[in-house]
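What you see is a predicted model; the values in this text were computed from it and never measured.
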Amino acid sequence: TGVVIVVAILIGVGAAVARWWVIEQAKTPYETSGELTSEVAASERIFWMERLRQMEPRRAYDDFLQRYGSVDYSIQHPLAHILGEAVYEVMKLDGVDVCDWIVSTGCMHGLYSMAIFDYGAEIVGKLDDFCLNTTDFKYLTCQHGIGHGLLYNEGYELGNLLDALT
């Protein structure tokens, strides 16, 4: 009976270690480090691109909200930008249906930034049409995301932005 008890304990410990390992592997780079450095942001982007490819994109977005719903806004919103960049990388403009107004439209800000980076200011009309036709966004909040994209594309230089728009 002593051997049976030892085997049962080892099985229990093994199961606990396996569960811990699975949980650790599922953590995002930010959850692991607790810091949002440029290296962590790059890793976070790769993490979410993989998640978007592994599961239905809206489920990946819901996973993001579950993970970061209670994180301080100063971290949550930039992480949502990173998620939006990942959505764009995986889905291009089809990703507009994944992002919504939650997290102050950070996901959409990231997606629009990447779209404008790829296409330049010429895409603004198409993005604005999406803003006009969507029922998920308030129009000005959606346009705010376009502004993020334009500034990102011009290196956050207002003079460059004004030149691009004229």
Side-chain angles (χ1 to χ4, degrees), residues 27-166:
K27 284 186 175 179
T28 70
Y30 175 75
E31 288 173 313
T32 302
S33 72
E35 297 181 65
L36 191 55
T37 63
S38 58
E39 292 83 15
V40 169
S43 296
E44 191 80 18
R45 187 172 180 213
I46 291 166
F47 176 89
W48 288 108
M49 286 169 61
E50 290 173 3
R51 297 292 281 185
L52 287 158
R53 289 183 182 114
Q54 292 170 353
M55 62 179 60
E56 192 273 319
R58 190 60 202 196
R59 271 192 58 219
Y61 183 81
D62 291 341
D63 183 28
F64 175 88
L65 295 176
Q66 183 177 356
R67 289 170 186 266
Y68 296 127
S70 61
V71 173
D72 186 81
Y73 177 80
S74 65
I75 296 293
Q76 185 187 64
H77 188 71
L79 285 168
H81 274 244
I82 293 167
L83 174 64
E85 293 169 7
V87 168
Y88 181 79
E89 286 298 319
V90 173
M91 303 180 69
K92 301 300 181 198
L93 291 177
D94 291 336
V96 296
D97 293 331
V98 175
C99 299
D100 61 22
W101 58 270
I102 298 174
V103 195
S104 296
T105 62
C107 181
M108 188 57 73
H109 294 172
L111 187 143
Y112 277 6
S113 294
M114 295 305 292
I116 293 170
F117 184 76
D118 271 0
Y119 293 98
E122 305 83 52
I123 192 95
V124 168
K126 186 171 186 173
L127 298 177
D128 190 51
D129 286 344
F130 173 75
C131 291
L132 286 169
N133 294 320
T134 185
T135 58
D136 292 37
F137 292 97
K138 295 179 181 170
Y139 180 67
L140 293 177
T141 302
C142 189
Q143 283 193 319
H144 175 87
I146 294 172
H148 268 277
L150 288 167
L151 281 169
Y152 175 81
N153 193 49
E154 299 303 326
Y156 288 90
E157 293 291 330
L158 188 56
N160 294 348
L161 175 61
L162 294 174
D163 289 343
L165 294 175
T166 56

Participant: Does some side-chain heavy atom of Pro78 sit less than 4.5 Å from a side-chain heavy atom of Tyr73?
Facilitator: no
Participant: Check side chain to side chain donor-acceptor pair (under 3.5 Å) between Asp63 and all other residues, then give those that pass, not counting sequence neighbours.
Facilitator: Arg51, Arg67
Participant: Is the shortest heavy-atom distance from the side chain of Glu85 to the side chain of Ser113 under 4.5 Å?
Facilitator: no
Participant: Do Leu93 and Tyr88 touch side chain to side chain, with heavy atoms closer than 4.5 Å?
Facilitator: yes
Participant: To the nearest 0.5 Å, how far apart are OH in Tyr119 and CE in Met114?
Facilitator: 11.5 Å
Participant: Rounded to the nearest 0.5 Å, what's the gap from CD1 on Ile146 to CZ on Phe130? Could you check?
Facilitator: 10.0 Å
Participant: Check whether any side-chain heavy atom of Ile116 lies under 4.5 Å from a side-chain heavy atom of Tyr152, and answer yes or no.
Facilitator: no
Participant: side-chain contact (heavy atoms from CB on, under 4.5 Å) between Tyr112 and Val96: does it pass, once the steps are laid out?
Facilitator: CA-CA 9 Å; Tyr112 277 6; Val96 296; 4.2 Å; yes
Participant: Please enumerate all residues that pass side chain to side chain donor-acceptor pair (under 3.5 Å) together with Ser33, with sequence neighbours excluded.
Facilitator: none
Participant: Can you tell me how far the CD atom of Gln76 sits from the CG atom of Leu83, to the nearest 0.5 Å?
Facilitator: 11.5 Å
Participant: If every non-hydrogen atom of Cys99 is compared with every non-hydrogen atom of Gly84, which pair is closest and at what distance?
Facilitator: SG-CA, 4.5 Å
Participant: Residues two or more places apart in sequence or in another chain: which of them pass side chain to side chain contact (heavy atoms under 4.5 Å, CB included) with Gln66?
Facilitator: none
Participant: Could you tell me the separation between the NZ atom of Lys92 and the CG atom of Asp118, rounded to the nearest 0.5 Å?
Facilitator: 5.0 Å
Participant: Name the orientation class of the two ring planes belonging to His148 and His77 (parallel below 30°, tilted from 30 to 60°, perpendicular beyond 60°).
Facilitator: tilted
Participant: For the pair Glu56 (side chain) and Arg58 (backbone), establish whether a donor and an acceptor sit closer than 3.5 Å, ignoring hydrogens and angles.
Facilitator: yes
Participant: Between Tyr68 and Thr28, do the side chains contain an N or O donor and an N or O acceptor separated by less than 3.5 Å?
Facilitator: yes
Participant: With the side chain counted from C-beta on, respond yes when Val40 and Arg45 share a heavy-atom pair under 4.5 Å apart, and no when they do not.
Facilitator: no
Participant: Among all residues two or more places apart in sequence or in another chain, which pass the side chain to side chain donor-acceptor pair (under 3.5 Å) test with Gln143?
Facilitator: Asp128, Tyr139
Participant: Would you name the heavy atoms of Ile123 and Ala115 that are closest together and state the gap between them?
Facilitator: CG2-O, 4.1 Å
Participant: Would you please name every residue forming a side chain to side chain donor-acceptor pair (under 3.5 Å) with Ser38, sequence neighbours left out?
Facilitator: none
Participant: For the CG atom of Leu36 and the CD atom of Glu44, what is their distance to the nearest 0.5 Å?
Facilitator: 7.5 Å
Participant: By side chain to side chain contact (heavy atoms under 4.5 Å, CB included), which residues pair with Leu65, not counting sequence neighbours?
Facilitator: Tyr61, Asp62, Ile102, Val103
Participant: Specify the closest pair of heavy atoms between Ile82 and Ala41, including all atoms of both residues, with the distance to one decimal.
Facilitator: CD1-CB, 3.6 Å
Participant: Are the side chains of Cys107 and Val87 in touch, meaning some heavy atoms are under 4.5 Å apart?
Facilitator: yes
Participant: Determine yes or no for a side-chain-to-main-chain donor-acceptor pair under 3.5 angstrom, with Asn153 supplying the side chain and Gly149 the backbone.
Facilitator: no
Participant: Working to the nearest 0.5 Å, report the span between CG of Leu111 and CG of Asp94.
Facilitator: 10.0 Å
Participant: Do Glu154 side-chain atoms and Glu157 backbone N/O form a donor-acceptor pair below 3.5 Å?
Facilitator: no
